[in-house]
Number of protein chains: 2
Amino acid sequence: MPKLVDHEERRAHIIDALLRSAASSGLHSVTMRSVAVEADVSVRLVQYYFDTKEQLLLAAMTRLATRMGERVQQRVRTTGAATDPRGIIEAVLLEAVPTDEESRAFHLIYTEYAVLSVTDPALGGRPFLAAPDEMEAFLAAHLTAAQEAGTADPHLDPRQEAVLLLAVSAGLGLSVLLDQRTAEDATAVLHYHLSRVFPG
Amino acid sequence: MPKLVDHEERRAHIIDALLRSAASSGLHSVTMRSVAVEADVSVRLVQYYFDTKEQLLLAAMTRLATRMGERVQQRVRTTGAATDPRGIIEAVLLEAVPTDEESRAFHLIYTEYAVLSVTDPALGGRPFLAAPDEMEAFLAAHLTAAQEAGTADPHLDPRQEAVLLLAVSAGLGLSVLLDQRTAEDATAVLHYHLSRVFPG
DNA sequence: GCTTTGATGGTATGGTTGTACCACAAAAAC
DNA sequence: GTTTTTGTGGTACAACCATACCATCAAAGC
């Protein structure tokens, strides 16, 4: 063999090019050529590492889903009080609100994939089904913990409240993406509601 | 002149074909040809009534936005108690949760347009900016009315609460579209939260 | 009765897209 | 030192798309 190339690294490089390309002009305008140009490789190489466009899109979606998990986890970690239920819940939900350009691009592509997966059977949106399910259980568990610790309103139904929080987070995030609201407004509304769930 | 055709009717017929086509295989897969086939006319006719594809897509978006307004209004009207603030608010918010196939298709295309308008400058999502703004004012006004009538919790901030309700509605609707939740679950969660806003 | 004009069909065209094919270099294997 | 094998480039190809162009038919105007 010649150059002895690290396949995973090359694949990551190309996927990143795809994400950059999608961020600027939309997932629908991504082509083999545009990805190749952005990655500064030949179209042939993109084919070489991802046989078909469908597989490339699929790989990018998987990477996106992974990064989403990492993002949430890192949010929780960097939030000082790593054991305070309210802090954790707040961190998780705030992740859905895009603040800087990078985060905005990330959530835009994620949303584009989610919507696309509804009609495109090849994408079969597995990440979009599993992730929110885990999230819901996660939130419900921490809400229960908070209730037992006395910081959350004991009258709340943790399970319904978790679903509600997830919907609020997604809805606010989407409205920021659509430029209907500023990130600051969305954050304020989220805090407003959290103050109701965690009184005092 | 020959057949003396009603242009608006023809345009509506073609736009409906586009919406049907988009509902089944996604807005991204809509082509002049697919629309022509679905409308059972020649491609040339589609060109005749909508010069360019961009204009066709734009016209369909406008029609969609109009229909959305009508839908909400009709929901409010058919909801018996047309003067009860809670009933009105509930009706408006429930409209975003797709129940039957028709409503699901409608909201799917609407969402696809919304997401597309972020990256496609030609679509310049005016409907997606104006509509939620009006909605927010509408909800806030009715919340205030409810507070004065004593049916809504007087401690609530009508404006923040309105934004929150809109986000909940959009978030739940999206999760139903993505098959993360059933329409029944989403409706239940919405009712759960409304019971908090309107106690008693 | 001719002429204009609105409505329609068919088809050509230029561009783009995903993918298949051919070629080649360079290092590893033996 | 020859033979594989792996990475890479270039290019050709078939499909498809939006759109422009040409033709036609029928009714309205005069």
Side-chain angles (χ1 to χ4, degrees), chain A residues 1-22 24-61 109 112-113 116-117 119-124, chain B residues 1-22 24-61 112-113 116-117 119-123:
Chain A
M1 323 152 182
K3 292 191 188 169
L4 191 63
V5 162
D6 180 346
H7 269 227
E8 279 321 302
E9 190 206 342
R10 270 277 198 286
R11 286 170 60 94
H13 175 70
I14 293 175
I15 289 180
D16 281 345
L18 182 148
L19 296 180
R20 255 176 288 135
S21 169
S24 67
S25 37
L27 189 60
H28 62 279
S29 78
V30 163
T31 80
M32 290 282 160
R33 278 170 242 272
S34 73
V35 172
V37 167
E38 180 72 38
D40 200 34
V41 299
S42 75
V43 177
R44 181 65 184 82
L45 262 214
V46 181
Q47 277 187 277
Y48 184 72
Y49 288 103
F50 303 89
D51 238 47
T52 165
K53 187 189 182 181
E54 185 181 311
Q55 285 189 309
L56 172 59
L57 283 173
L58 218 74
M61 183 176 78
I109 307 179
E112 283 182 307
Y113 261 114
L116 187 61
S117 78
T119 47
D120 193 332
L123 247 53
Chain B
M1 323 152 184
K3 292 190 188 171
L4 191 65
V5 162
D6 181 346
H7 269 228
E8 278 321 302
E9 189 207 341
R10 271 276 197 286
R11 286 170 61 94
H13 175 71
I14 293 175
I15 289 179
D16 281 345
L18 182 148
L19 297 179
R20 255 176 290 136
S21 170
S24 68
S25 38
L27 189 60
H28 62 280
S29 76
V30 163
T31 79
M32 290 282 163
R33 278 174 248 274
S34 72
V35 171
V37 168
E38 181 72 38
D40 200 36
V41 299
S42 75
V43 177
R44 180 65 184 81
L45 261 215
V46 181
Q47 276 187 280
Y48 184 71
Y49 288 104
F50 304 88
D51 238 45
T52 166
K53 187 188 181 182
E54 185 181 309
Q55 284 189 311
L56 172 61
L57 283 174
L58 219 73
M61 183 176 78
E112 283 182 306
Y113 261 113
L116 187 61
S117 77
T119 48
D120 193 333
L123 247 53

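In what follows, chains are A, B, ... by sequence order, proteins preceding strands, each numbered from 1.
Taking side-chain N and O atoms only, B:H7 has a distance below 4.0 Å to OP1 or OP2 of C:dA7. Distances shorter than 4.0 Å separate none of the side-chain N or O atoms of B:Y48 from OP1 or OP2 on C:dT8. Distances shown here put a side-chain N or O of A:Y49 below 4.0 Å from the OP1 or OP2 atom of D:dT8.
By the side chain to side chain contact (heavy atoms under 4.5 Å, CB included) test, B:E9 pairs with B:D6, sequence neighbours left out. Every side chain to side chain contact (heavy atoms under 4.5 Å, CB included) that A:S29 has, sequence neighbours left out, goes to A:S25. Here A:S24 pairs with nothing under the side-chain hydrogen bond (donor to acceptor under 3.5 Å, both in side chains) rule; sequence neighbours left out. B:R11 meets the salt bridge (charged side-chain N to carboxylate O under 4.0 Å, His left out) test with B:E8; sequence neighbours excluded.
To the nearest 0.5 Å, atoms CG (A:D120) and CG (A:L57) are separated by 8.5 Å. If you take CE on A:M61 and CG on A:L19, they are separated by 12.5 Å, rounding to the nearest 0.5 Å.
Atom P of nucleotide D:dA18 and atom CG of B:L45 are separated by 16 Å, given to the nearest angstrom.
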Identify all side-chain donor-acceptor contacts of residues 38-54 of chain A below 3.5 Å with residues at least two apart in sequence or on another chain.
| residue | atom | partner | partner atom | Å |
| --- | --- | --- | --- | --- |
| A:E38 | OE2 | A:R20 | NH1 | 2.6 |
| A:S42 | OG | A:R44 | N | 3.4 |
| A:S42 | OG | A:L45 | N | 3.3 |
| A:T52 | OG1 | A:E54 | N | 3.3 |
| A:K53 | NZ | A:V30 | O | 3.0 |

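Taken residue by residue, residues 25-44 of chain B places heavy atoms nearer than 4.0 Å to DNA chain C at B:S42, B:R44. Non-hydrogen atoms lying under 4.0 Å from DNA chain D are contributed by nothing in residues 51-59 of chain A.
At a cut-off of 3.5 angstrom, counting only N and O atoms as typed in the model, there is a donor on one side and an acceptor on the other between the side-chain of B:Q47 and the base of D:dA20.
Inter-residue side-chain proximity for B:H28 and A:L27 is flagged as unmet; no heavy-atom pair is nearer than 4.5 Å.
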